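Below: the structure, in structure tokens.
Every chain is numbered from 1, with letters handed out A, B, ... down the list of sequences. Computed from a predicted structure; not experimentally measured.
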Protein chains: 2
Amino acid sequence: MRWLSEEEQRSWRAYLRATRQLDAALDRDLQCSGVSLSEYELLSMLSEAEGGRLRMSALADLIVQSRSRVTHTAARLERRGWVRRTPAPDDGRGVVLELTPEGRAAVESFATVHVESVRRHLVDVLSGEQLAGLGAALQAVSRAYEADPDTPDPTECPTMEA
Amino acid sequence: MRWLSEEEQRSWRAYLRATRQLDAALDRDLQCSGVSLSEYELLSMLSEAEGGRLRMSALADLIVQSRSRVTHTAARLERRGWVRRTPAPDDGRGVVLELTPEGRAAVESFATVHVESVRRHLVDVLSGEQLAGLGAALQAVSRAYEADPDTPDPTECPTMEA
DNA sequence: CCACGATAGTTTATCCTTCAACTATGCGCC
DNA sequence: GGCGCATAGTTGAAGGATAAACTATCGTGG
């Protein structure tokens with residue numbers, strides 16, 4: 001089996017450590033606003049969409065969460081009056097989630113705090129080049145992930161009792 | 001307020017998307033082994049430590065998790081017989097967590113699968129330079145995080161009702 | 001030597017996520 | 001046109017994470 005080289009190992013460790021720290025920091029900074037990062041992501045995607053409306057599954061794909069999780073999160077946000085569930089006009093199964101005016105006001109207020117946080121913990125910490133490089137590399141990672149037939153064999157687990 | 005430039009925005013989005021995807025992929029690949037990524041990280045750190053032993057808090061810092069979370073995770077792993085809790089010799093409050101032989105065997109078996117997964121989703125997707133660049137950037141992010149007095153004022157929330 | 005605050009870890013309740021099962025609609029097809 | 005399978009989304013139960021309160025030990029200063 002191919003192990004990782006010293007340098008690969010270092011990079012991989014840095015990835016794990018930094019992403020954990022960054023996610024924690026961003027979450028913590030948003031907590032004052034009373035939303036988690038993943039709730040914020042949902043609201044944020046909605047706010048950028050045409051008319052503040054998106055199909056549940058489009059949303060799920062955008063924020064890389066399971067359908068189920070989006071359903072639950074949306075329910076929570078709906079209870080707070082930030083979001084509304086309406087049937088999809090063209091597909092009887094579909095649901096489009098819509099940002100309410102209160103929801104829009106909320107996201108906009110969070111955005112200030114959040115962007116500040118992203119700057120402080122990520123953007124302003126790196127040079128322009130470094131940040132761009134990071135972005136490019138991570139886009140490549142995304143592309144690979146999306147190209148992949150994912151788990152090579154779907155529900156199968158390679159049965160690794162050696 | 002300083003918003004993000006087009007390019008900063010792109011990088012930031014790439015970060016969010018790729019890290020979500022990558023974490024999901026790594027977790028899913030490990031799932032066949034019956035451990036989550038965070039459980040694996042814990043075991044893995046133990047396995048690399050002197051004598052397979054670490055203080056709870058050292059462990060928590062290494063894997064960037066709350067003390068509480070480490071306690072819970074360790075309890076779960078202890079139930080499976082992979083880990084053992086022993087009192088710290090030098091500090092009456094302390095607990096050192098120790099990898100059992102079964103635990104070591106387990107981690108080693110997981111490692112194969114896991115490294116393969118890291119390669120497939122991250123390492124082999126990038127050029128050597130790109131990976132090294134990514135690592136360097138993320139190390140900078142870590143350093144910034146660690147240098148920071150973190151939340152500028154501890155329990156205070158900036159009271160953002162404008 | 002003891003009172004104080006800090007540190008180490010655990011606990012409990014609550015919330016969030018996950019997973020599997022389920023409903024319902026759409027789509028292709030013979 | 002109805003059978004079968006895929007897709008869209010929801011539900012409920014079970015397990016993991018978070019936060020706050022709690023116990024116990026340590027270290028320092030008076």
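Taking the side chain as every heavy atom from C-beta outward, B:Arg84 and B:Leu97 never approach each other to under 4.5 Å. Residues A:Val107 and A:Tyr40 are in side-chain contact: their nearest non-hydrogen atoms beyond the backbone lie under 4.5 Å apart. Side-chain atoms of A:Val115 and A:Val123, non-hydrogen and from C-beta on, never get closer than 4.5 Å to each other.
In this pair, A:Phe110 and A:Trp82 present their aromatic rings perpendicular. The plane angle is above 60°, beyond the 30 to 60° band. In this pair, A:His121 and B:Tyr145 present their aromatic rings tilted. The plane angle is within the 30 to 60° band.
Salt bridge annotation for B:Arg20-A:Asp23: present, with a cationic side-chain nitrogen under 4.0 angstrom from a carboxylate oxygen. Salt bridge annotation for B:Arg13-A:Glu48: present, with a cationic side-chain nitrogen under 4.0 angstrom from a carboxylate oxygen.
The shortest distance between the side-chain N/O atoms of B:Arg28 and the OP1/OP2 oxygens of C:dT18 is not below 4.0 Å.
Atom P of nucleotide D:dT10 and atom CG of A:Leu77 are separated by 13 Å, given to the nearest angstrom. For the pair B:Leu37 CG and D:dG15 C1', the interatomic distance rounds to 17 Å; values are reported in whole Å. Atom pair A:Arg76:CZ and D:dT10:C1' shows a separation of 15 Å (rounding to whole Å applied).
Of the residues in residues 85-98 of chain B, those lying under 4.0 Å from DNA chain D by heavy-atom distance are B:Asp91, B:Gly92, B:Arg93. DNA chain D lies under 4.0 Å from at least one heavy atom of each of the following residues of residues 55-73 of chain A: A:Arg55, A:Met56, A:Ser57, A:Arg67, A:Ser68, A:Thr71, A:His72.
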_side-chain hydrogen bond (donor to acceptor under 3.5 Å, both in side chains) for A:Glu129 and A:Ser127? Distances and angles first, verdict last._
CA-CA 5 Å; A:Glu129 273 181 46; A:Ser127 71; 5.7 Å; no
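Residue B:Ser38 is in sugar-phosphate contact alone, with no base atom involved, counting any heavy-atom pair closer than 4.0 Å across all strands shown.
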